[in-house]
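In this text, all values refer to a predicted model and were calculated from it rather than measured experimentally. Note that these values count all heavy atoms, side chains included, but never hydrogens, waters or copies made by symmetry. Atoms within a ligand are numbered from 1 in the order they appear, just like the ligands themselves.
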Amino acid sequence: MPTKTILVTGSSGLIGSEAVEHFDRQGHEVHGIDNNMRAVFFGDQGDTTWNLERLRRLTKNFTHHNLDIRDRIALETLFHSHSFDLIIHCAAQPSHDKARDIPILDFEVNALGTVNLLEATRLHCPKAVFVFLSTNKVYGDAPNEVPLRELETRWEYQRPEDYNGIDENCRIDRSLHSLFGASKASADLMAQEYGRYFGMNVGIFRGGCLTGPSHSGVELHGFLSYLVKVAVTGGTYSVFGYKAKQVRDNIHSHDVVRAIEEFAANPRPGEVYNLGGSRKNSISVLEAIAKAEQLTGRKMNWKYVEQNRIGDHICYISDLTKFKSHYPNWKITIDLDEIFRQILADQCLRSNDVRREPSQAGHT
Ligand SMILES: NC(=O)c1ccc[n+]([C@@H]2O[C@H](COP(=O)([O-])OP(=O)(O)OC[C@H]3O[C@@H](n4cnc5c(N)ncnc54)[C@H](O)[C@@H]3O)[C@@H](O)[C@H]2O)c1
């Protein structure tokens, strides 16, 4: 695409930083908003400063803004002084469980912060493409109603028609979401409305497990990143319920950003897409522990807690049929083995306190 001015929120986080790198590499002018609130949510382990420093070293045309998306006046000033062609909104309180302790903050960041950005876009650059990173938690625990059968290491869909997983027709209300799922559902609906009601180029991506080496993984958020971190650095990994056979589908941040790029080139106002690793990149917790042990050559310490996380999915696989049919140029390019390999390499470097340089960046 011709040179664009791109705004990425949550630019020091997993998806945001991948988007910054990707579009900077293509020669675009990239602005990032991030106030390191991940460290406020999760403490030092969630601190994203290392990733911002990495971006500063790597990029050519990236400007970081230490702003809070809850601050409408600051956003107003930013949108007044730049004309954005593409807004990639990744800033969030991202944890299902954390939201219980901070319901107001969670809602302000996830719901209100999103409306602040949508409205600033409508007022200042209504023709821009706006991509919102939503979540499969907007479905609450409705996906758990799909009949399952128990296999030796994982839960599996029972009926052949469910083989590809959950599609966008799954209902989003009358289910148990967690406060996080509900605040993201509010934002998801508002984003749809700016697409449908105002006709703006808004796309909504409901993520499965988004992953990659740029995650500042913590127990409360970042499944594979945190699991591999424990495998490398020691400590004990806790598994909550479902016999440790719960299934997640994992998509590398590079493939997420490629999906955003495809949408941005040919936007469909108000569309909603499920976006995850699909069946191909699905793995259960038991299987992930076994893989981490095999890769590190060491036994991992983990303990089983009987009580599952409230509203947690038992088996969630994203059905990508809709996105692939609208954007046939896109496909998953990074498989589970490569995801593990990259996260492991990165965790080994980080545990030696050596920061990742471009050759190990999260793309192939
Ligand atoms: N990682 C996943 O597994 C996953 C799954 C489904 C959906 N999502 C969604 O994708 C998006 C990106 O997720 P991620 O994994 O990159 O998260 P992340 O936590 O790695 O990145 C989010 C970034 O936003 C920043 N931030 C938070 N609140 C802010 C605020 N008020 N103002 C400015 N910056 C703020 C944080 O400091 C952090 O760097 C989020 O919306 C998340 O809900 C993620």
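- The closest side-chain heavy-atom distance from V109 to R70 is below 4.5 Å.
- The part of V109 lying near ligand 1 is the side chain, judged by heavy-atom distances below 4.0 Å.
- No close placement of the H221 and F41 rings is indicated, their centers lying 6.0 Å or farther apart.
- Between T211 and the options I15, L336, I343, V228, a side-chain contact (heavy atoms from CB on, under 4.5 Å) holds for only I343.
- No part of Q93 comes within 4.0 Å of ligand 1, judged by heavy-atom distances.
- To the nearest 0.5 Å, atom NZ of residue K184 and atom CG of residue L179 are 14.5 Å apart.
- Annotation: side chain of H177 is not in contact with side chain of K137 (no heavy-atom distance under 4.5 Å).
- Relative to atom 22 (C) of ligand 1, the option among C90, G46, G16, S214 with the closest non-hydrogen atom is C90.
- Contacts with ligand 1 closer than 4.0 Å are made by backbone heavy atoms (N, CA, C, O) of S134 only, the side chain lying farther away.
- Compare S183, A92, C209, G207 by their heavy atoms: the one nearest to atom 27 (C) of ligand 1 is in A92.
- With a 4.0 Å heavy-atom cut-off, ligand 1 is reached by no atom of N136.
- Ligand 1 has H221 within reach: a non-hydrogen atom of the residue lies less than 4.0 Å from it.
- The shortest distance between side-chain heavy atoms of Y139 and R171 does not fall below 4.5 Å.
- Put simply, the side chain of S214 reaches to within 4.5 Å of the side chain of R54, judged on heavy atoms.
- When heavy-atom distances to ligand 1 are checked against a 4.0 Å cut-off, K184 comes that close only through its side chain, counted from C-beta outward.
- Each of the following atoms of ligand 1 lies closer than 4.0 Å to a heavy atom of L14: 15 (O), 16 (O), 20 (O).
- Evaluated for a ring pair (Phe, Tyr, Trp, His ring centres under 6.0 Å) with F205, the options F323, W330, Y327, F132 yield exactly one hit, F323.
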In a table with atom names and distances, give each donor-acceptor pair under 3.5 Å that connects a side chain of residues 83-90 to protein atoms at least two apart or in another chain.
| residue | atom | partner | partner atom | Å |
| --- | --- | --- | --- | --- |
| D85 | OD2 | T5 | N | 2.7 |
| H89 | ND1 | T9 | OG1 | 2.7 |
| H89 | NE2 | T114 | OG1 | 3.0 |

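- Residue contacts with ligand 1 for T48 involve side-chain atoms from C-beta outward but no N, CA, C or O (heavy atoms, distance under 4.0 Å).
- Under 4.0 angstrom from ligand 1, the non-hydrogen atoms of H215 all belong to its side chain.
- When each atom of ligand 1 is checked for a heavy atom of L67 under 4.0 Å away, the hits are 32 (N), 33 (C).
- Of the polar atoms of L210, at least one N or O is found under 3.5 Å from an N or O of ligand 1, judged by distance alone.
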